[in-house]
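Only one structure is covered here, and it is reproduced in the block below.
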Amino acid sequence: MTGGMVFNRKLQGSKTYKLLKEAFTLECYGELRCKLFASIAQNEGLPAIATVFNEVARSQNTHAINHFNIMRDSGELYYGLKTGNTIDNLKTALTAELHESDVSAGLIKVANDEGFIEIADKIEEMALAELANIHRLTALEDEII
């Protein structure tokens, strides 16, 4: 436990846990979406609207952190992975990056197969960044563990 909530029964497998994971994911997406919207508003010369989008993004970040902390403090696995200390978080981040790399590879293939060559090329550029992240995280893991 990290000084958070005390649980008297397993949370994982419950509807509550399933909805906490969904809420966490939605808040993360919402934060990024609002940051993107704020950037667009700023570029369009609408700073007051950009400010509101940024405030909403900060709020969604706080909500995501709270959802994550509840799941972490439950002692349950997060999407099948342990979180909490830096070593656990490093392993989880590496696993997530490897999954994202697999998803990117599939997306590149499908986009190419469907004739969306420009999209496939753009995703391939991003996939290279994913590989760089994997190498950085692996180097840290090798150094620490």
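Side chains included, hydrogens not; waters and symmetry mates left out as well; all remaining heavy atoms used.
R72 contributes atom CZ, which lies 8.5 Å from atom CG of N89 (distance to the nearest 0.5 angstrom). Between K21 atom NZ and L11 atom CG the span is 10.0 Å, to the nearest 0.5 Å. Between the CG atom in L131 and the OG1 atom in T138 there is a gap of 10.0 Å [rounded to 0.5 Å]. For the atom pair NZ of K15 and CG of L20, the computed distance is 14.0 Å after rounding to the nearest 0.5 Å. A distance of 9.0 Å separates CD1 of I65 from CZ of F24, quoted to the nearest 0.5 Å.
Under the salt bridge (charged side-chain N to carboxylate O under 4.0 Å, His left out) criterion, the residue pairs touching residues 125-140 are K122-E125, with sequence neighbours excluded. Sequence neighbours left out, the pairs with a member in residues 30-42 that pass side chain to side chain donor-acceptor pair (under 3.5 Å) are E31-K35, E31-N61. Listed by first and then second residue, the ring pair (Phe, Tyr, Trp, His ring centres under 6.0 Å) pairs involving residues 81-119 amount to none (not counting sequence neighbours). Residue pairs meeting the ring pair (Phe, Tyr, Trp, His ring centres under 6.0 Å) criterion with at least one member in residues 119-145, sequence neighbours excluded, do not occur.
Chaining together hydrophobic side chains whose heavy atoms lie under 4.5 Å apart places L32 alongside L36. Y29 shares a hydrophobic cluster with no other residue; no ILVMFWY side chain has heavy atoms under 4.5 Å from its own. The hydrophobic cluster around I117 extends to none of the other residues, as no ILVMFWY side-chain heavy atom falls under 4.5 Å of it.
L26 and F68 fall into different hydrophobic clusters, where Ile, Leu, Val, Met, Phe, Trp and Tyr side chains are chained together by heavy-atom contacts under 4.5 Å.
Smallest separation of non-hydrogen atoms from A23 and H67: CB-NE2, 3.6 Å. Between Q60 and C34 the shortest heavy-atom distance is OE1-SG, 3.5 Å.
Residues passing the side chain to side chain contact (heavy atoms under 4.5 Å, CB included) test with D88, sequence neighbours excluded: K82, N85. The side chain to side chain contact (heavy atoms under 4.5 Å, CB included) test applied to L98 returns L94, I134, not counting sequence neighbours. With sequence neighbours excluded, the residues forming a side chain to side chain contact (heavy atoms under 4.5 Å, CB included) with T95 are L81, listed by chain and number.
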Review item, side-chain donor-acceptor pairs of residues 101-111, under 3.5 Å, at least two apart:
unit_1	atom_1	unit_2	atom_2	d
S104	OG	E100	O	3.1
K109	NZ	D113	OD2	2.6

Indicate every side-chain donor-acceptor pair of residues 46-57 with a distance under 3.5 Å to a residue at least two apart or in another chain.
unit_1	atom_1	unit_2	atom_2	d
T51	OG1	P47	O	2.9
N54	ND2	A50	O	3.3

